[in-house]
Amino acid sequence: MKFRFQRKYFSIPYIIFLSLFVVIPIGLIIYYAFSDSTGMLSIEAARKFFSDTTKLDVILVSLFVAIQTTLICLLIGYPLAYFLASKKYNKNAVLIMLFIMPMWINFVLRTTATRDILFAINLTGGNSPYLATLIGMVYNYLPFVILPLYTTMLKLDHSQMEAAADLGANPAQVFIKSVIPQSVPGIISAITMTLVPVMSSYVISDALSEGNVTLIGNSIYINFANYQWNNGSFTAFVLLIVVLVSMFMTRNVNKQENARGGLW
Amino acid sequence: MASEEVIISLSNVVKAFGDNRVVDNFSLDIKKGQFVTILGPSGCGKTTTLRMIGGFELPTSGTILLNNQDITKLPPYKRPINTVFQRYALFAHLNVYDNVAFGLRLKKVPVKVKNRRGEEVIKMKHMKASEIDELVMKALEIVDLEELEERDISTLSGGQQQRVAIARCIVNKPEILLLDEPLGALDLKMRKEMQIELKDMHKKLGITFIYVTHDQEEALTMSDLIVVMKDGVIQQVGTPTEIYNEPKNAFVADFIGESNIYNAVMSGKKKVRFLAAEFKCLDDYPLNERVDVVVRPEDVILAKPGKGAIDGVIVDKIFKGVHYEYVIMIGKNELVAKSTKDFEEGPVSIDIEPDGIHIMEKEVLSNLYPNCEVNKDNTVDLSDASLEVDLTQLIKGSKIDDDDYLVAPNGKKYDLTGAKVTLEVALNKIEISDDTEFGQLTGTIVSSVYKGDHYQVTVRTEDDEDFILDTPDTWNENETVGVQINKQDISLRLKGNIEDYEI
C-alpha cells in the first residue's frame, strides 16, 4: 500500500508530547497515590491523608488563601479593568501594559523583592506570615485577573447599557444590572486563573511566610523531598480532583452565559 | 389620536462633533399622539436627533422641551421616553420576561402606607411582583409573544427579538416612544407586517411615536408627519401626501419615491418648458424663471406615436406585476413612466396633465444635475462635455484600481459603468473665462445678478444646461464663456444601492 500523507499526521508530535508529559505522569501520580512503598496496590496513602488532621488543615488553609486572594484580586482588578477598557483611558495600550508588566519579570525574583519590601515595613513571615503570603499572592495573580476582565470589558455591548439607562436605570444600576452580567465570562476566567494556581503554588508562601504557612503545594513538595512519594502523590491526586471539579463547574456556568470572552 | 397639544418641542438644536455639524438648527414641534418619521439618507443626522431626544447625546446648543419643561440636559433614565434600538440591544443574560420587566422593576410608584402613628403617607415603593407580572403579560400579549416569556433571547428570531424590544418599552407607558430604524434587520415580508402592526399599536396605545428611517416607503406608509433631513438640516416637514405631491426641492422629490426631475423654464402664465416642449401647469412663477420640475412616473400618460405632446422612444420595458415600467428617451433626457397599458419598445408619445407637473423653486445653493450616467472611463457626460469625477467619494477609503474599477477598503470591487448619479457642484467652484477654449464647456451668460457682495452668474450651454456660479467679477449678459469644473469639486450621489454594482 502506498503511503499517503494526511493532514491528521500533523497532530502526531503533539500526541506524543501529550502522552509523554501529561497522560503518563498523571497515570503515575494515580499509581503512586494508590500503592505503598513496595509498589503493591494499597489505600494506605489515602488513609493516612484523611486521618492526618494537618493535611486537612493544609487543604482548608489553601482554600482559604485561594478564595481570599481571588476575591481581593477581583475587587481591585474589576474596577481597574473597567476603567482601563473605557473609551477615555483606552486610547493606547500603555496603561494596561503597566499592569501586565510584572508578569515579565521572573517570578522568584519578584517574590524575593516583595519579601524585602515587606521586610522594610516590618511585615515579615515571622510576625504576620498569613498577611505576607496574601499580599504576595494578590500581587502575583493580579495581572491574571485584570487581563481576562479587560478583554471582556472591551467587548461590552454599550447599546445594552444605553438600553438599561433608557429603561430607567441610574448609572449605579446600569453597572449592576448590565455591566456585571455582561462581564460574567471574564470573571469566571479570572477565577479559574487564580483559584487553583494559588492553591498549588508554593514558592510565594514559602518565601513570604518563611515556612509558617503551608499550602497544598508546599505539602506536596515536603512529601517528595522526604521520599514519601505515595503520600505526595495522593495529595497531588486530591488537588487534581479539585481542579477538575472547579473546571467542570465554571464550564457549566460559562455555557449558560454563551461563553463570551471566556478562556475555557 | 393627534391632539393640538405639543408634547415635545426642539428649538434650534445643534449637534456638532468638532467642526462637523451633524444636526444643524433643528426646530420641530411634535404633537401628542402623532406618528412622526424622521427620514433621510444615512449620515443625515436623523439618528443623532433621536439620540438627543432620548438623552444619549447632549445638544451643542438649542433646547428640547417636553411638556414645556426643559429636558435638554436630563439624563436618559430620568426621561419618560423609551427607545427601540437599531439592533434591539436586548439583555442577553435575561430571558424574554425579565427583559420586559426590566423597566418596571426599577420603577418606584407612589403607594399609600400607614406610618407608625397610623397616618396615611405617600411613599415611593417598588412595584409588587404581581403588578409587574400583570403588566408584563399584557405587554407580551400586545406584541403577540405570549408563551414565549421563559425563552432565552438568543433562541428568538429577528422578528421576535424586535417584538421583545417593543414590549420592553411600551410596558413602561412612556410618553414618547423612539424607534431607531427598528425594521432594518428584518426581511421584506416581515418588515411589511411589522409596519402594519406598529401602526396599529400606535393607534391602540396613543403614545407619541418618533420613528427614524431611510426607507421612504416605510415613512409614507406609517407616518402622520414626515420630517425629511439632509446633511443635518430639515428639508421639509409635512404629511406623507404633502411630501409626495408637493416636494419642496429637488432633493425631497428625488428621495421620496421615484421621480423624473428636470431643469425647466417658465415660458408663460402657468406654462413651463422642459423636455423641449411646453406644458400647462398649475403653479404660477414669474416668466423666464428657472425652476425644477418633478413628474412622478405614474403621472406620465403614454400614447401611440404622434398622439401626445412629445415623441420619444421606449428603450426599456419591465413588467412589475400591476404595471409596466418604461424607460423612455426623449432627446438626451430620460423619463421613467409607469403604466398599466402594454406598449412595445420603440417610438411612443407622451403627455403630462397639468396636475402631474410639480414645480419647485430652483435651489440655488448648488448646481444639481440629476439623471447623469457614469461612463466606462469614470467620467460623466454633462451637456456636451465628459467631466472627470472622483468616484472614491461614494465609499469611504476606497480607491480606483488600474482597470478603472472602484475598490472598497474591504476589497469589494465595483463597476459603476452605467450607474445613475446626481452631480452637485458648489456655486463658488465653477470658473468661467472669456477665453472659450478655457475649461471643458462653453456657454452663454444668460443672467448676472448682484447679490450684495458678489454676482450670481448663470451660464447656459447650447443644449440648455445651466451652470450657476458666484463670482466677484462683473460679466456681461449674452457673452460666450468657457466653463471649468475641477474633478475634486464635483460631488456625487449614487441613485440606488452601491451593492448593485459589485463585481
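Side chains included, hydrogens not; waters and symmetry mates left out as well; all remaining heavy atoms used. Every chain is numbered from 1, with letters handed out A, B, ... down the list of sequences. Keep in mind that this is a model prediction, so the values were computed, not measured.
Shown here is Met124(B), whose CE atom has more than 12 heavy atoms of other residues, nucleotides or ligands within 6.0 Å. Atom NZ of Lys173(B) has 12 or fewer neighbouring heavy atoms from other residues, nucleotides or ligands inside a 6.0 Å radius. Within 6.0 Å of the CD atom in Glu146(B), the count of heavy atoms belonging to other residues, nucleotides or ligands exceeds 12. The environment of CD in Gln6(A) is crowded: more than 12 heavy-atom neighbours from other residues, nucleotides or ligands sit within 6.0 Å. By the 6.0 Å contact criterion, CZ on Phe64(A) is open, its count of non-hydrogen atoms from other residues, nucleotides or ligands being 12 or less.
Using a 4.5 Å cut-off between heavy atoms, Gln173(A) contacts chain B through its side chain alone, with no backbone atom that close. For Leu178(B), no part lies near chain A; criterion is any non-hydrogen pair under 4.5 Å.
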Can you give each donor-acceptor pair under 3.5 Å made by side-chain atoms of residues 137-148 of chain A, sequence neighbours left out, with the distance rounded to 0.1 Å?
| residue | atom | partner | partner atom | Å |
| --- | --- | --- | --- | --- |
| Asn140(A) | OD1 | Arg110(A) | NH1 | 2.7 |
| Asn140(A) | ND2 | Gly136(A) | O | 3.2 |

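Evaluation of the ring pair (Phe, Tyr, Trp, His ring centres under 6.0 Å) rule for Phe91(B) yields Phe102(B) as partners, not counting sequence neighbours. Qualifying ring pair (Phe, Tyr, Trp, His ring centres under 6.0 Å) partners for Phe175(A), counting only residues two or more places apart in sequence or in other chains: Tyr78(A), Tyr82(A).
Residues Ala89(B) and Ala163(A) share a closest heavy-atom pair of O-CB, 3.7 Å.
The distance from atom CD of Gln160(A) to atom NE2 of His93(B), rounded to the nearest 0.5 Å, is 7.0 Å. In this structure, CZ in Arg51(B) is found 10.0 Å from CG in Asp166(A), a value given to the nearest 0.5 Å.
Inspection of non-hydrogen atoms places Pro76(B), Tyr77(B), Ile81(B), Asn82(B), Thr83(B), Phe85(B) of residues 69-87 of chain B under 4.5 Å from chain A.
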